[in-house]
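Here is the structure we will look at, set down as structure tokens.
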Amino acid sequence: MRLLIMGPPGAGKGTQAALIAAHFGIPSISTGEIFRSNVQRQTELGQVVDQIMRSGGLVPDDVTIQIVADRLAEPDTKPGFLLDGCPRTMAQAEALDGILEKLGTPLDTVLALVVDPDLLVARMMKRAEIEHRADDNEETIRERFAVYREATAPLLALYRERDQLTEVDGFGDIDVVNRRILEALAAFA
Ligand code: ADP
């Protein structure tokens, strides 16, 4: 199983990604997690992305694309992978097409979590209290939504046109949403 998970900030992508990956025995690859781990370890990459993430902006495409290309070339992706948080821009989507073509690993589907925007801010503020993520404050959250609307949401139309989009209602308890997702993905397993 090779898939992307998409959805607005706070839609529960990370939580569902972990459950889906465990179900199919594939790695869940989150660009946000990779960047956060580099910030924590104060690597060179971490120093580049720290301020960008704090502001809610996007890490430059070339940096992100290189990270994803390297990660997808790792042997643990042989049985498949779930990519979370990339592509976020049209340039990333095009680059990802090239990477997957070169690897000979086309996507089975693009899973989109559909959630009412009004619920998202509240969810993210709650997460901020629990996880203390540096980019979960009101101003950054607002910026991340704006970036999502402008740069990332248009990608859904691209995958829909290609007939690759699987949309799932992301409203509800974690296990309810997960059941919906696994039912939808059964068509591709
Ligand atoms: P969320 O899903 O809650 O928006 P992520 O963990 O996916 O959070 O991403 C956190 C931050 O990491 C983003 O706001 C952005 O700064 C950076 N980031 C993650 N993935 C990408 C990407 N594909 N391109 C550019 N920046 C990214």
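Every number for a ligand or one of its atoms is a count from 1 in the order of the listing.
- Selection from Lys13, Arg144, Met53 by nearest heavy atom to atom 12 (O) of ligand 1 gives Met53.
- At the top of the distance list for atom 8 (O) of ligand 1, counting protein heavy atoms only, stands Arg133 NH2, 3.3 Å.
- Salt-bridge annotation for Glu33 and Arg36: present, with a side-chain N of the basic residue lying under 4.0 Å from a carboxylate O of the acidic one.
- For ligand 1, the atoms lying closer than 4.0 Å to a non-hydrogen atom of Phe35 are 17 (C), 18 (N), 19 (C), 20 (N), 21 (C), 27 (C).
- Only the side chain of Arg127 comes within 4.0 Å of ligand 1, judged by heavy-atom distances.
- The structure places CZ of Phe81 at 13.5 Å from CZ of Phe24, a figure rounded to the nearest 0.5 Å.
- Each of the following atoms of ligand 1 lies closer than 4.0 Å to a heavy atom of Arg36: 6 (O), 10 (C).
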Next on the checklist: Before you tell me yes or no, could you show the steps for Ile67 and Leu45 under side chain to side chain contact (heavy atoms under 4.5 Å, CB included), namely the whole-Å CA-CA distance, both residues' side-chain angles and the distance that decides it to 0.1 Å?
Outcome noted: CA-CA 10 Å; Ile67 293 290; Leu45 173 65; 3.4 Å; yes
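- Applying the 4.0 Å criterion to heavy atoms of Gln92 picks out, from ligand 1, the atoms 22 (C), 23 (N), 24 (N), 25 (C).
- Protein heavy atom at the shortest distance from atom 26 (N) of ligand 1 is Val59 N, 3.1 Å.
- Contact annotation for Thr64 and ligand 1: only side-chain heavy atoms (C-beta onward) come within less than 4.0 Å of the ligand.
- For the salt bridge (charged side-chain N to carboxylate O under 4.0 Å, His left out) test, no residue two or more places apart in sequence or in another chain qualifies with Asp108.
- Among protein heavy atoms, the minimum distance from atom 15 (C) of ligand 1 is reached at Gly57 O, 3.4 Å.
- The residue among Met124, Met6, Arg88 with a heavy atom at the shortest distance from atom 4 (O) of ligand 1 is Arg88.
- The Gly85 neighbourhood of ligand 1 comprises atoms 20 (N), 21 (C), 22 (C), 23 (N), with distances under 4.0 Å to a heavy atom of that residue.
- Taking every heavy atom of Thr31 and a limit of under 4.0 angstrom, the matching atoms of ligand 1 come to 19 (C), 20 (N), 21 (C), 23 (N).
- Remark: distances from the non-hydrogen atoms of Ser30 to ligand 1 are all 4.0 Å or more.
- Remark: the Gln66 side chain and the Asp70 side chain contain an N/O donor-acceptor pair separated by less than 3.5 Å.
- A heavy-atom distance below 4.5 Å is found between the side chains of Leu4 and Leu96.
- Between Thr166 and Thr109, the side chains place a donor N or O and an acceptor N or O closer than 3.5 Å (distance only, hydrogens not considered).
- Judged purely by distance below 3.5 Å, without hydrogens or angles, the side chains of Arg144 and Thr140 never pair a donor atom with an acceptor atom.
- Distance check, rounded to the nearest 0.5 Å: OG1 of Thr43 to CD1 of Ile34 gives 11.5 Å.
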